[in-house]
Amino acid sequence: MNENLAILIEQRLQALAPLDLTIRDDSHRHAGHVGARDGGKHFIVTIVSDQFLGHSRVARHRMVYDVLGDLMPQRIHALALQTMTADEAASLLTQGK
């Protein structure tokens, strides 16, 4: 994993006051892909923040992109997002039992 970039992503996402944050570098699964060849990384980010409360999924993603936007597309080629409030995350945990 590109540790420095993952750390930078984590630092930037602190602006959204995450209650939980998982960042996974998925670049190895995209070897040979155009963006990967050009050096861009693929990340999967799960973020739980009550700042998402009352916002649509699209608005939540925009909030993340606002924080990380200048890293795209050169350093981050692709970003898969799962954005939840604390209540939504707790509900997922309850459903999993």
Among residues at least two apart in sequence or on other chains, which ones pass side-chain contact (heavy atoms from CB on, under 4.5 Å) with H61?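 So H61 forms a side-chain contact (heavy atoms from CB on, under 4.5 Å) with R57, Y65, L81, T83.
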Kindly write out the residues that satisfy side-chain contact (heavy atoms from CB on, under 4.5 Å) with A17, not counting sequence neighbours, or none if the list is empty.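 Q51.
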Partners passing side chain to side chain donor-acceptor pair (under 3.5 Å) against R62 (at least two apart in sequence or in another chain):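 So R62 forms no side chain to side chain donor-acceptor pair (under 3.5 Å) with any residue.
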Is there side-chain contact between [X] and [Y], with heavy atoms separated by less than 4.5 Å?
X   : Y   : value
M63 : I47 : no
M84 : T46 : yes
L68 : I9  : yes
Q14 : L21 : yes

Taken to the nearest 0.5 Å, the spacing of L5 CG from R75 CZ works out to 5.0 Å
Supply the atom-to-atom distance D26 CG to L79 CG, rounded to the nearest 0.5 angstrom.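 Answer for the CG-CG pair, D26 versus L79, is 11.0 Å.
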Does T94 use its side chain to pair, donor to acceptor, with the backbone of A90 at less than 3.5 Å?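 Answer holds: yes.
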Any link between F43 and M72 through a network of hydrophobic side chains (Ile, Leu, Val, Met, Phe, Trp, Tyr) touching at under 4.5 Å?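 Linked within one cluster.
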same_hphob_cluster(L19, L53) at 4.5 Å side-chain heavy-atom cutoff: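 Result: no, two separate clusters.
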Heavy-atom closest pair (P18 atom, L13 atom, distance to 0.1 Å) is CD-O, 3.4 Å
Looking at every heavy atom in both E88 and R60, which two are closest together, and how far apart are they?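 In this case the closest contact between E88 and R60 is OE1-NH1, 2.7 Å.
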Does anything in residues 43-53 pair up under salt bridge (charged side-chain N to carboxylate O under 4.0 Å, His left out), and if so which pairs, sequence neighbours excluded? none
Could you list all the salt bridge (charged side-chain N to carboxylate O under 4.0 Å, His left out) pairs where at least one residue sits in residues 8-18, not counting sequence neighbours?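 Output for this query lists R12-D70.
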Result of checking V64, V48, D66 against L16 for side chain to side chain contact (heavy atoms under 4.5 Å, CB included):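 Looking at V64, V48, D66, the match for L16 under the side chain to side chain contact (heavy atoms under 4.5 Å, CB included) is V64.
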